[in-house]
Amino acid sequence: MSTVATDIQQAVEDAAAHLYVWALKDIPQDLRDALAEAKDRETSIPGKRVLETIVRNVEIADSNSNLVCQDTGIAVYTCRVGEDFPLHPARIYEALKAGTERATLEHPLRSNAVHTLTRENTGPNTGYRLPIVHWEFISGWDGLDVKCVPKGSGSENMSFLKMCVPADGVNGIKKFVLESIVESGGKPCPPGIVGVGIGGSADYAMYLAKEAIARPIGTRNHDPHVAKLEEELYELLNETGIGPMGLGGDVTVLNCHIEHADTHMTLNPVAVNYQCWAARRASAHVAADGSVDFDREA
Ligand code: SF4
């Protein structure tokens, strides 16, 4: 789909409004394929029933043009901003916030945003520092990529961080990831994507885990050491027997993705972020002239 807008801030706002709803209604093809494949290979009867129900749920959402899950999550955007893109990031943030509000009010969507202490609703899925936006700046480019990943609370609550010591090594990382997922059981609506962030610092490791869940399912890290760990964890996690919705079975996770960063010689941070079966994501590419292309990947 392609549109042309003369007002660049309006174009970004329109894109955000579309992305949030699109992500919630129409899950990506790689996720559909992974769920169908999981349904076919699951051997436990309760697990297979759960997966059949999930696949049917997606079909009904398609035919009714409705959401795949009632939890509209918190809107999390990742922006890649070209240095020559003709809209300042402060205005991009305004546009993303306005787009999130419009999507919530116009669809309408459930508004989940509350003050973290008073628990009072703060607005149409917006509030202080909501939506959440991650930024990356690209030199020598005049475009903007926006990815929207609505994050449901069931899976977000199953987030874990451990500052392993370097002597724990790769086995320490594996142990922590496995313990985290076993402890989570059925709470994060499995089977989903286990995102793991390793290296960097405590906060950056969690950011990396979040990046990992937003990748197309089954893609592998460019670093062969990390890719090997992804494969090993994927197999180990499915040997836990937790199964779909924690009812037991062969398919506990659809995949395991890892993002990494180099780190201090005495650090070994490991973060785990779960993404449920409704692993929603959608992207838009905004050109300097205001034209917008919608795509799955940013
Ligand atoms: S964790 Fe995911 S599937 Fe479960 S209720 Fe939340 S958004 Fe829906």
Side-chain angles (χ1 to χ4, degrees), residues 19-39 42 46-62 64-77 100 103-104 107-114 119 121 124-125 130-132 147-160 180-196 206 209-210 212-217 237 240 242-249 251-257 271-282:
L19 281 179
Y20 191 21
V21 174
W22 183 34
L24 292 169
K25 283 183 166 180
D26 179 12
I27 60 172
Q29 189 59 46
D30 58 285
L31 176 58
R32 292 168 186 262
D33 294 344
L35 289 167
E37 192 268 334
K39 173 177 74 71
E42 178 58 66
K48 202 172 186 69
R49 279 204 191 119
V50 165
L51 286 161
E52 284 167 353
T53 305
I54 286 174
V55 169
R56 180 88 184 105
N57 179 4
V58 173
E59 289 167 359
I60 291 172
D62 283 342
N64 292 352
S65 188
N66 214 332
L67 313 181
V68 294
C69 180
Q70 85 291 341
D71 185 354
T72 51
I74 46 174
V76 181
Y77 297 96
T100 305
T104 305
H107 188 273
L109 305 171
R110 189 179 84 180
S111 181
N112 308 305
V114 298
R119 313 309 288 181
N121 193 279
N125 280 317
L130 274 182
I132 294 165
K147 181 186 281 189
C148 177
V149 179
K151 195 64 169 55
S153 63
S155 57
E156 187 66 8
N157 274 327
M158 297 301 106
S159 302
F160 306 90
S180 300
I181 299 308
V182 169
E183 186 183 318
S184 300
K187 288 182 208 157
C189 296
I193 304 167
V194 174
V196 182
M206 188 56 80
K210 254 322 190 345
I213 58 150
R215 279 173 19 202
I217 294 185
L237 288 163
T240 59
I242 293 166
M245 292 294 167
L247 295 177
V251 188
T252 297
V253 300
L254 296 176
N255 223 300
C256 176
H257 299 163
V272 176
N273 188 254
Y274 202 102
Q275 178 62 303
C276 56
W277 72 262
R280 302 160 294 190
R281 66 175 204 276

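Since this is a predicted model, take the numbers as computed values, not measurements. First listed ligand is number 1; within each ligand, the first listed atom is number 1. In what follows, every heavy atom counts, from backbone to side chain, and hydrogens, waters and symmetry copies are set aside.
- For a distance threshold of 2.8 Å, the protein N, O or S atoms nearer than that to atom 8 (Fe) of ligand 1, listed by chain and number, are Cys69 SG.
- Within the 4.0 Å heavy-atom cutoff, Arg280 counts among the residues contacting ligand 1.
- Using a 4.0 Å cut-off between a side-chain N of Lys or Arg and a carboxylate O of Asp or Glu, Glu52 and Arg49 do not qualify as a salt bridge.
- When atom types are taken as modelled, the side chain of Asn66 and the backbone of Ile60 share no donor-acceptor pair closer than 3.5 angstrom.
- The salt bridge (Lys or Arg N to Asp or Glu O under 4.0 Å) analysis of residues 65-77, with sequence neighbours excluded, yields the pairs Asp71-Arg110.
- Panel note: side chain Asp62, backbone Asp26; no donor-acceptor pair is recorded below 3.5 Å.
- Considering Val149, Val194, Leu31 in turn, Val149 is the only one that fulfils the side-chain contact (heavy atoms from CB on, under 4.5 Å) rule with Gln275.
- Other residues, nucleotides and ligands contribute more than 12 heavy atoms inside 6.0 Å of the NZ atom of Lys25.
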